[in-house]
Amino acid sequence: MGLLALGTPLDWPEAQKNANHVREWGIKQLLNIWNKAKGKEKDALLWGDEIEYLVVNYEKDKPEVTLSLRQADILHALAQDENLCSSGGCVPALQDIGGSTLPIFHPEFGRYMLEATPGKPWGIGFKDLLDVEPNMRLRRKIAKEHMNPEEFPITLTTYPRLGSPGQFTTPYYPPCGEKLRSQFVPDEIANPHIRFPTLAANIRSRRGRKVQINVPIFKDKNTPWPWKDPTVKYDLHKYKEDDDVRNGASPDNFIHMDAMAFGMGSCCLQITFQAKNINEGRRMYDQLSPLGPILVALTAATPIYKGFLADTDVRWNQIGAAVDDRTPEELGEKPLEHSRWRIPKSRYATNSTYISDDPRLRKEYMDQNLVIDPDVKQQLMDAGMDSLLATHFAHLFIRDPIVIFAEDLQELDLSKTDHFENLQSTNWQHIRFKPPPASNDIGWRVEFRPMEIQITDFENAAFSVFMVLITRAILSFDLNFYIPISKTDENMSTAHKLDAVLEEKFYFRKNPFPTRSPRPYSSNGACSGTASPAILSRPPTPSGPVEDEYALMGIDEIMNGSKGDSTNNFPGLIPLVESYLDSMNVDVETRCELAAYITLIRKRADGTLWTAAKWIRHFVQGHEEYKGDSVVGEKINHDLIGAVIAIENGGRQGVRDVEQFLGPAVKPCGD
Amino acid sequence: MTRLILSTSNIMNGGSIIRKPGAASNLEFTNSLRSNFLAAQQDYSPPLSATKENGNHSDIEKPSSVRPPSSVWTSRQGSDYYIPTIDWSLSGLSEEPSQYDVTVKLFYLPGADVKDRGQYAKDAIQLVFKELCVQSIDLLIVSFPGMSFEGDCEWVADKKNSSQGNDDEEVASWPVLEELYNQGVVKKLGLAEFGSEKLSKFLSRVKVRPKVDQVNVKDCCNVPPPLSKLAKVEKIELLVHNDCTDILPSGTLRELLGQGVKGAGVLSESKRSLDGMKGDLTPKWVVKYTAVVRDRGVIENKGYFAVAELKE
């Protein structure tokens, strides 16, 4: 989440009145950073991962499992730990990268959540890559040590029975609070820091009704059809939003949810990379974008909502719906009168811009329905920003700031980036382009945000390290993954389907290699010093129909390469990474560890191993208490949570289907 | 006698580098040589009208009938014959040399005279220096002929390795590399494919010790235990690679340069032919160089040079 500044938050109508004010100052701050940092060069690759946890209360012999709402107490315990603090770990006021080596813990939206990051960013030294997994384990261990004995940090994307009738939190609070007005979850589900309830309340107010998150129910053999969500109450009359369900908010055959917590209370695995300079950052942003939906399908881990099996495998769209603050006019349900424009996507969605000055970026790839604020774009361009980048920010700035603190409106502080970040950090797109912070030496960064958190640290390390390696392969081989942005949107929607990793096809570019730059026709000379040979002659601008550049491929083909029966001849992301590794000096031990990670991903992609979503689904459907009716009852939930805890705590033997999920107990290359 | 200098130019921006899964091979090297020949033939030919290919690898299928004369795309300088012509004005790296880790691997080929190895090393380094515009190399690995790790299990492979190569010749080839090290031209020396027994004998006979032993074992997790133990004790880093030792057999070289569909058309097939040079062709050495931006892990330049002698 963004920065946790303190102050007096404005309620919605007040906040909206000040939206322009914040945007104007945000643009000034952006231009200030841009002017200062546009020439910033030669930053090293530094990267960091973020692991998010749910904290559950679980006891083997006690049937009830609940979410622990003791986030504040746990963070307090962590902050009070002197050993941790003196080594620079503890809990920071800000999320800047410090010089410490112990992990850092952060609050998150859900009051049952924790986030942990490494104490200092990782580099590209291969030894660093090997430190990732032990460091993730250490984070989990330290977190656990500051909890009650029955509390466990687990890395499921969502808590399976969040919002189910009965008690799912400890302590218990009744739903229907003033801030969320949810009939399923209490206000106390959110982090009590004023920023979070205000965020939820202002999204609801701006929208004019509660958020609506409807996930298709999985139709099993005994699922009644049409299926009506049995947990929805139609007879509440406390708030005007209680009318929502009477006005059709909860359609047949969908699991209905009505609060931000159902989305923002999900756990993700996010990776941030520092680029060498702004241009490399822009290039990485573009090239990582088409990979987003592929990695979503590959990390699928979210088959249950509110105690029911869903007909989808991933969390992404639910978060999009959970923070969708668009008004009926912006949604296109009413003619434009008060709102400035129609907006096709939620603030949380696939990204809508390409921003690199790469000559391979064709205008046909751009989002044809992109909404921008022309005044913002003009202002940025007048200050010297190029059209592509100005368009990107003018798109982010079509949104209103949601949380505004009265104190921050007194005076514009150009040494800060708070107003810019207010818009930037509430545009939750799947790739984020991050300008340097105002106050220190950090460079331009790109955040890869779509992956689902995995149950084990081995998997989380595998996907984190894989993403680092693929960025290195992209830069080394000058790879080109461009496809039209609208195809990435389609891919993201495809990634939600049940077992999309094996069953679905995704648009992907067939030939990722650059066009060879021709030599100048005749020339002769000696060393040209440090002039960049790559810039001397650029490959010809591509032409030919865009439709011929991409094809529909399965995840196996995209990850492992085209087989003989395919005409695509795509090399595969994993072979690309392996070719990169073959050209580097890697010691045998490191290569062995990396091979274990790559094997996991290869096998997930080719179906030898199951995604977490499939494993959870099988766990539920194979449970003795499951009645074939899509209901994930308390006993099933208890045993599932127990299995998840066991797997990551050395107790995987005896857990059902664990070999199909994670492979043999010995790391694969030890065979 | 003509010295043929074959080069790939920077292979990072073409598809030929992508390996197919499988054992060590010289495919990266031979494919990138071949595509560089074709690229040079294309680039140095008088511009053809509108048939410009658009960035894929169908170049390879270009029929030999439209091949331009070799004088267009190759060049001679004294007794050196560059295939293709090297445009040294395109040399260099985009940032100062201090930002890079430059690794060079020199393959001594089986047909070459041992007494010339010293000269080969100097020649190879000069070419790499000229190509990258650098003054020193971070790691120089030498690969001697006849070495491998093969066998049903890692113990057998290590055992077999002990009788491969030629200890005396390898030791005799080392002083010139030690000299490069002492001059600061090379910061670290390394070997390739030395098993535990050969390595320990080698260490006892040289002054400047290798810091690296690059090995190609079937499964990187199964390094022969005696070797990993020795490496640990002697503080020698075991690195992984995927090259085969005999990277340029003379048959392959003839095919690359010959008149066949996949050949460059530089060398005659028959003794009577007029469309190319002829004579006895002996590959002497191959050098692979890699320049990696150190703190970003980005490979900026990678390529090969190969030298062969033609007795006309």
Side-chain angles (χ1 to χ4, degrees), chain A residues 42-45 123-125 276 468 472 475-478 511-536 539-540 542-544 561 571 575-576 578-592 595-596 667 669-671, chain B residues 9-10 12-15 17-21 28 35 39-40 42-44 46-47 52 54-57 59 87-96 99 101 103 130 133 139 212 214-215 217 219-223 228 237-242 290 292-302:
Chain A
K42 290 185 191 160
D43 285 317
L45 167 69
I124 184 56
K276 145 186 163 179
V468 173
R472 298 307 97 186
L475 296 174
S476 295
F477 297 122
D478 197 13
N511 177 9
F513 296 113
T515 311
R516 185 179 61 80
S517 317
R519 299 164 170 82
Y521 182 61
S522 73
S523 76
N524 207 347
C527 285
S528 51
T530 58
S532 169
I535 293 165
L536 286 177
S543 56
L576 285 166
E578 291 190 316
S579 292
Y580 166 76
L581 289 173
D582 283 347
S583 297
M584 298 292 289
N585 293 328
V586 187
D587 67 275
V588 286
E589 202 180 319
T590 304
R591 190 61 196 263
C592 171
K667 283 184 179 168
C669 71
D671 292 352
Chain B
S9 77
N10 188 357
M12 292 309 292
N13 45 26
I17 191 169
I18 301 309
R19 76 163 180 177
K20 302 282 175 273
E28 171 183 292
S35 55
Q42 211 169 57
D43 295 344
Y44 292 124
K52 195 92 181 154
N54 202 355
N56 43 45
H57 319 289
D59 294 5
D87 181 351
W88 297 108
S89 72
L90 301 177
S91 300
L93 297 165
S94 56
E95 291 170 28
E96 333 45 293
Q99 303 280 323
D101 264 331
T103 300
K130 211 169 165 189
C133 292
L139 171 62
V212 162
Q214 205 190 34
V215 293
V217 283
D219 176 346
C220 55
C221 303
N222 289 341
V223 176
S228 48
E237 208 177 2
L238 294 178
L239 299 182
V240 181
H241 75 91
N242 210 38
T290 314
V292 175
V293 188
R294 185 175 297 117
D295 57 7
R296 291 204 298 278
V298 174
I299 306 163
E300 185 178 305
N301 200 325
K302 174 177 174 178

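These numbers come from the heavy atoms of this one structure, side chains and all, not from hydrogens, waters or symmetry mates. Proteins come first, then strands; the chains are lettered A, B, ... in the order of their sequence lines, and each starts at number 1.
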Problem set entry | Residue Ile124(A) versus chain B: region with a heavy atom under 4.5 Å | side chain

Is any NZ, NE, NH1 or NH2 atom of the basic residue among [X] and [Y] found under 4.0 Å from an Asp or Glu carboxylate oxygen of the other?
{"X": "Asp43(A)", "Y": "Lys276(A)", "value": "no"}
{"X": "Arg296(B)", "Y": "Glu95(B)", "value": "yes"}
{"X": "Arg591(A)", "Y": "Asp582(A)", "value": "yes"}

Side chain, backbone, both or neither: which part of [X] has an atom under 4.5 Å from a heavy atom of chain A?
{"X": "Val212(B)", "value": "neither"}
{"X": "Ser9(B)", "value": "side chain"}
{"X": "Val298(B)", "value": "both"}

For this session: Tell me, please, which residues at least two apart from Asp587(A) pass side-chain contact (heavy atoms from CB on, under 4.5 Å).
Result: Lys127(A), Glu589(A), Thr590(A), Glu237(B), Leu239(B)

